[in-house]
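Provided herewith is a single structure, encoded as structure tokens, for subsequent inquiry.
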Amino acid sequence: MAYLSVTPALPFSELCALRLDGELTSFLHFLDIPDEPRDRGLRILGKHAETLVLSSWSAAWSLGCCPEPAHHIAAFRHTRVHIPDEAHLIVEQRSLRSSDIGEMSTTPLRTVFDLLKMKNENPLIIRTVHTLMTRFAVTTDMVTDRLGQNPTPSHKKLMLARLDLLEKL
């Protein structure tokens, strides 16, 4: 959802009809512009945006690279804090560098890294990673360099196998 600061010059009856059809918000603004990553992040994180960042599938979704997940996943930006249950988020403890954090989500490189090491065999992983890498110019070399920087990378074999699959696409 994107909110525009101007209301279109349409008759009031037409504006009401558009609003009833769900094409206008209660503030009579168009909703035909896709969300930006910041808008999506704020919508999910809300008042916790200063302490949390979207990660994994939620980060990929906020970057516009996959469908919205059923449950949103977030990570702490810096230190652990208490997040009330009403936030409706799955909050995970991850070791994030400052370079891993974008505005409202993990960076495309970190998101690629997180998705590649997921244990499950979801076919959406490869497609989403491919979309992230293409859209944000993340190269295989960038991912392998990042993998080499981690002294004890978990799931290294799985990640390298998935990178091989990506290179064949």
#### Entry: Pairwise side-chain contact, Leu115 with Leu132, heavy-atom cut-off 4.5 Å (strictly under)
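Touching, per the 4.5 Å side-chain cut-off.
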### Task
Heavy atoms only: give me the nearest Ala74-Ser55 pair and the separation to one decimal.
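So the minimum-distance heavy-atom pair works out to C-OG, 3.8 Å.
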### Message
I'd like to know if Leu89 and Val53 are part of one continuous hydrophobic network [Ile/Leu/Val/Met/Phe/Trp/Tyr, side-chain heavy atoms within less than 4.5 Å].
### Response
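Each belongs to a different hydrophobic cluster.
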### Task
Any pair with a residue in residues 137-149 that passes side-chain hydrogen bond (donor to acceptor under 3.5 Å, both in side chains), sequence neighbours left out, goes on the list, sorted by first then second residue, please.
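Residue pairs with at least one partner in residues 137-149: Arg97-Gln149, Asp100-Arg146.
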### Message
Measuring from atom NZ of Lys119 to atom NZ of Lys117, what distance do you get when rounded to the nearest 0.5 angstrom?
### Response
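Interatomic distance, Lys119 NZ to Lys117 NZ, rounded to 0.5 Å: 10.5 Å.
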### Query
Arg77 side chain to Ala49 main-chain N or O, any donor-acceptor pair under 3.5 Å?
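Yes: the side chain of Arg77 pairs with the backbone of Ala49.
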### Query
Which is it for Met104 and Leu45 under the side chain to side chain contact (heavy atoms under 4.5 Å, CB included) test, yes or no, and what are the steps along the way?
CA-CA 8 Å; Met104 291 285 152; Leu45 298 173; 4.3 Å; yes
### Message
Under the side-chain hydrogen bond (donor to acceptor under 3.5 Å, both in side chains) definition, can you give me all pairs with a residue in residues 65-75, not counting sequence neighbours?
### Response
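The answer is Ser58-His72, Glu68-His72.
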### Task
Indicate the atoms forming the closest heavy-atom contact of Ser95 with Arg110, along with that distance.
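Closest approach of Ser95 to Arg110: O-NH1, 3.1 Å.
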### Task
Any chance you could lay out the side chain to side chain contact (heavy atoms under 4.5 Å, CB included) test for Ser56 and Met118, step after step, and finish with the verdict?
CA-CA 9 Å; Ser56 188; Met118 291 186 134; 3.0 Å; yes
Name the atoms and distances for all side-chain donor-acceptor pairs under 3.5 Å in residues 122-131, with sequence neighbours left out.
| from | atom 1 | to | atom 2 | distance (Å) |
| --- | --- | --- | --- | --- |
| Asn122 | OD1 | Leu124 | N | 2.8 |
| Thr128 | OG1 | Leu124 | O | 2.8 |
| Thr131 | OG1 | Arg127 | O | 2.9 |

### Query
Hey, any chance Leu109 and Leu160 share a hydrophobic cluster, counting ILVMFWY side chains that come within less than 4.5 Å of each other, even indirectly?
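Hydrophobic grouping puts Leu109 with Leu160.
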### Carboxylate-amine/guanidinium contact Lys168 Asp164, below 4.0 Å
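Here Lys168 does not pair with Asp164 in a salt bridge, since their nearest N and O are not under 4.0 Å apart.
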### Query
In terms of hydrophobic clusters joined by side-chain contacts under 4.5 Å, are Trp57 and Ile101 together?
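They do not share one cluster, since no chain of ILVMFWY contacts under 4.5 Å joins Trp57 to Ile101.
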### Query
Can you list the residues that meet the side-chain contact (heavy atoms from CB on, under 4.5 Å) rule with Glu92, with sequence neighbours excluded?
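Glu92: side-chain contact (heavy atoms from CB on, under 4.5 Å) contacts with Ile73, Ile90, Arg94.
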### Query
Can you hop from Leu42 to Val91 via hydrophobic side chains spaced under 4.5 Å?
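Result: yes, single cluster for both.
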### Qualifying residues under salt bridge (Lys or Arg N to Asp or Glu O under 4.0 Å), relative to Glu167, sequence neighbours excluded
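None.
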### Task
Taking all non-hydrogen atoms of both residues into account, name the closest pair between Val138 and Pro108 and its distance.
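Minimum heavy-atom separation between Val138 and Pro108: CG2-CB, 4.1 Å.
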### Message
Do Leu147 and Phe113 make a side-chain contact, defined as non-hydrogen atoms from C-beta onward lying under 4.5 Å apart?
### Response
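Result yes, sub-4.5 Å side-chain heavy-atom pair found.
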### Task
Is it possible for you to say whether Val112 and Met142 belong to one hydrophobic cluster, with membership spreading through side-chain heavy-atom contacts below 4.5 Å?
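Both belong to a single hydrophobic cluster.
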### Task
Measure the CH2-CG distance between Trp61 and Leu54 for me, rounded to the nearest 0.5 Å.
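It is 7.0 Å, given to the nearest 0.5 Å.
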#### Entry: Side-chain donor/acceptor of Arg38 to backbone N/O of Glu103, under 3.5 Å
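Checking the backbone N and O of Glu103 against the side chain of Arg38, no donor-acceptor pair under 3.5 Å is found.
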### Task
Sequence neighbours left out, what passes side chain to side chain donor-acceptor pair (under 3.5 Å) with Thr106? Give chain and number order.
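With sequence neighbours excluded, Thr106 shows a side chain to side chain donor-acceptor pair (under 3.5 Å) to Thr111, given in chain and number order.
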#### Entry: Audit row: Arg43, Asp39, salt bridge (Lys or Arg N to Asp or Glu O under 4.0 Å) steps and yes/no
CA-CA 6 Å; Arg43 182 164 54 96; Asp39 299 326; over 6 Å; no
### Query
Rest of the hydrophobic cluster containing Leu158 (Ile/Leu/Val/Met/Phe/Trp/Tyr, side-chain heavy atoms under 4.5 Å)?
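Besides Leu158, the hydrophobic cluster comprises nothing; the residue is isolated.
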